[in-house]
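Below: one structure, written as structure tokens.
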Amino acid sequence: MKPDPTPTPSAAARNDFIRDIVRADLAAGKHGGRVATRFPPEPNGYLHIGHAKSICLNFGVARELAGLCNLRMDDTNPETEDLEYVEAIQDDVRWLGFEWDGMFYASDYFEPLYDVAAQLVRDGKAYVDELSEDEIRAYRGTITEPGRESPWRDRPAAESLALLERMRRGKLPDGSCVLRARIDMAAENMKMRDPLLYRIRRDAEHYRRGREWPIYPLYDFAHGLSDAFEGITHSLCTLEFENNRELYDWLLAAARIPDPPQQIEFARLVLNYTVLSKRKLLQLVEEGLVAGWDDPRMPTLRGLRRRGYTPEAIRAFCDAIGVTKAQTVVDVAHLEHAVRDDLNAKAPRVLAVLRPLRVVVESWPEGRVETLDAPSFPREIPRDESRPLPFERELYIERDDFAEAPPKGYKRLAPGRRVRLRHAYVVECREVVKDAAGEVVELRCVHDPASLDPGADAGKVAGTIHWVPASRALPAEVRLYDRLFSDPEPDGGKSGPDFRAFLNPDSLRVVEGALVEPSLAGARPGDRFQFERHGYFAVDPEATAERLVFNRIVPLRDTWTKRAVEGEAPTIAAAPAAEKGIEKAEKEIAVEDVAPTARDRFLRFRDELGLLPHEARTVAEDEARSRLLEEATAARAAPRAAAAWITNDLVRELRARDLAAPPFGGAALAELIALVETGEATTTAAREVFAAMVAGEGAPRAIVEARGLGALAGESALAPHVESVLAAHPAQVEAYRAGKTALLGFFVGQVMKATGGRADAAAVRELVTKLLG
Ligand code: ATP
Ligand code: MG
């Protein structure tokens, strides 16, 4: 492993239970003093920020402890894998800053894996079973009941071996039999109840092996042995595989692997406001809800990279969250903080005006241009680059930086007030020019010639604002990206099981007609800047020399925590403040943590109704909430859906209205949940209905009707909204028709926004596609 090219101050301080184990093993001389890890993605999708955690851990451990780390394609499933993904994965790992010692493919191990399987059969440790997969499932038993042995379990080894060979030669049809390990059908650990090792897939075409192999090994069989073949010492994986460890060890022992690797599990990365399942990310791409795997709103490494994230920021984020066994939810604000922190020292400051308002400096002679020298970094950053900034008679400032009737505390320009133009003069507003409609179109100002020297006494100024010179500014398209989901838990947990209902309609706002300072003329895709007072921006790959396009990486401050606190966007639950360190949103709750009088209920809710521990506690400790849950469940609502409404929306709505209990019972809640389940109301609409229920407006269905909140699904219901969105965006329509079909997501988003989230996204998508031909 090559040394860390960019040692960070925290590198020495990386400490976690996995590194402790590896160091202790090294000290004890285990594995002959070797350390070898691997990162084993399945090439069926692009890597996301969760994978980055695993990459930083596996490569990081090897790098720090003079070990080796392999990249292994875990490609034993012919249905979904593809070379395109293999190449993207390699590229992404390198971009993150890591280089593998060995590049391997589990599909190269099909021969040695088969040899091990045959050996297990000969040893009486595996058998060919002719039960169907359904029967096998039924024979498996439950957590409380032992399984039953297959009638084929004790057939002679020679018979199994002959069948296995026929499987391998493609003589037996799919589903006719499987190879199973012969372990213990009564094992407490269900994974040990004679798990499947091989399956027949006669007609599958593997992206590397073609049709060479009619049988495919299952994950548990292939994974541990692949580790063993590569001499891996520590096989790091996520917590879902905890129960698989016993099987991992059993298989390696049965295969008589000397010095077997050791599996250690850690908590996977779960980020709020984010979906990290490859299947769901694929769905977003396929349904056109985003522009592709590299859409800057995607949590894929491709997306983050196009957005403008740096590999350093992602590595710093992974360092900051650390590695533990406790499953927690990490606030996405930490990721945003990491990129701000990294870019603060790297991104030159520039001036960009997103919504221009013309300013004429009447005291400045026509045609005169003064080239100012503007520092590119603030004083606290030890870099002394600067760029020329031309000042002239006509300028543009931000429309928001002027108010005709300024509110109290307004620190910008207003009639008769003075502001400093960043790196330039102090100007005073003398006259406001309006058009026929009464809209302000121009400001007439005078400048103070003595005010250029920042040390000089410039008199009273309201504040400092940014600007660009009118004749030399460059036009730019600015894409203001925001979180893709407006709900902290888009991925289940809430009543609406469909994560797509939580898409943030404002996750992309395109600002056309922005102006940036002339020094940006040579900016190249990937270059990053701080637009002063706006945030960090990166040049998009679609930018050309004629047309600059900037993506907002992140605004300067975390606006989400503030929004949630002020209740501006009531559907957004308060995210833990970025400064508080990593919050444990879901820390383990034991019975002892629950109020004594509520413990029985807590246990019932957790163990019988299947609520998460923290939900079970929140409901159990309150009589009214408990009653509501019981009634809703009795009225056939899914317990977790009911609990989600009670613990989130109910608690918030009651507090907002200063009520102790809701004016409705569990049956009404069940009715609401049913409306969402049947698709009669979207989750967004259901939230509004719920608030109205708390306000005493009656039963859910009646509120849906009274307020016109029914989901818009049919073509006739959707058409007016879709048509008006298309009419309002002629430029995008034209671009779409010219082949920029990635704009589909944009149109769908606009319709979702126009309908207040009431439209059925899939139906909108279909209709847009149809109307645009
Ligand atoms: P998904 O559920 O999104 O399909 P996966 O686990 O199936 O993810 P793989 O390609 O098999 O994806 O993952 C490769 C490696 O990355 C595995 O070791 C896996 O444990 C790890 N990994 C995947 N997701 C996360 C995550 N969210 N946090 C940490 N590690 C992860
Ligand atoms: Mg996997």
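Counting convention: from 1, in listed order, for ligands and their atoms alike.
Across the listed options Ser277, Ser54, Pro43, Ser54 owns the non-hydrogen atom lying nearest to atom 21 (C) of ligand 1. When Glu42, Met73, Arg268 are ranked by how near their heavy atoms come to atom 6 (O) of ligand 1, first place goes to Arg268.
Ring centroid separation for the pair Tyr46 and Tyr85 comes in under the 6.0 Å cut-off. Aromatic pair His337/His334: ring centres not closer than 6.0 Å. With ring centers used as reference points, Phe241 lies under 6.0 Å from Tyr219.
The shell of residues lying under 4.0 angstrom from ligand 1, judged by heavy atoms, includes Phe39. No heavy atom of Glu240 sits closer than 4.0 Å to any atom of ligand 1. A heavy-atom separation below 4.0 Å is not found between Asp74 and ligand 1.
Backbone and side-chain nitrogen or oxygen atoms of Arg279 are examined, and none is located within less than 3.5 angstrom of a nitrogen or oxygen of ligand 1. No N or O atom of Asn44 sits closer than 3.5 Å to an N or O atom of ligand 1.
Less than 4.0 angstrom separates some heavy atom of Thr238 from each of these atoms of ligand 1: 20 (O), 29 (C), 30 (N), 31 (C). Each of the following atoms of ligand 1 lies closer than 4.0 Å to a heavy atom of Leu276: 3 (O). Of all atoms in ligand 1, numbered sequentially from 1 with element shown, those under 4.0 Å from a heavy atom of Pro40 are 14 (C), 18 (O). For ligand 1, the atoms sitting less than 4.0 Å from at least one non-hydrogen atom of His48 are 3 (O), 24 (N), numbered in the order shown with element in parentheses. Atom numbering of ligand 1 starts at 1 in the shown order; those under 4.0 Å from a heavy atom of Pro41 are 10 (O), 14 (C).
Judged by a 6.0 Å distance limit and a 45° cone about the ring axis, Arg208 is positioned over the six-membered ring of Tyr105.
Under the 4.0 Å criterion applied to side-chain N and carboxylate O atoms, Arg14 and Glu64 are assigned as salt-bridge partners. The pair Glu265-Arg245 counts as a salt bridge, with a side-chain nitrogen and a carboxylate oxygen less than 4.0 angstrom apart.
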Show the numbers, then the answer: is there a side chain to side chain contact (heavy atoms under 4.5 Å, CB included) between Glu242 and Lys325? CA-CA 11 Å; Glu242 205 161 10; Lys325 274 246 185 226; 4.2 Å; yes

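Pro260 and His31 make their closest contact through O-CE1, 3.5 Å (heavy atoms, listed as atom of the first residue, atom of the second, distance).
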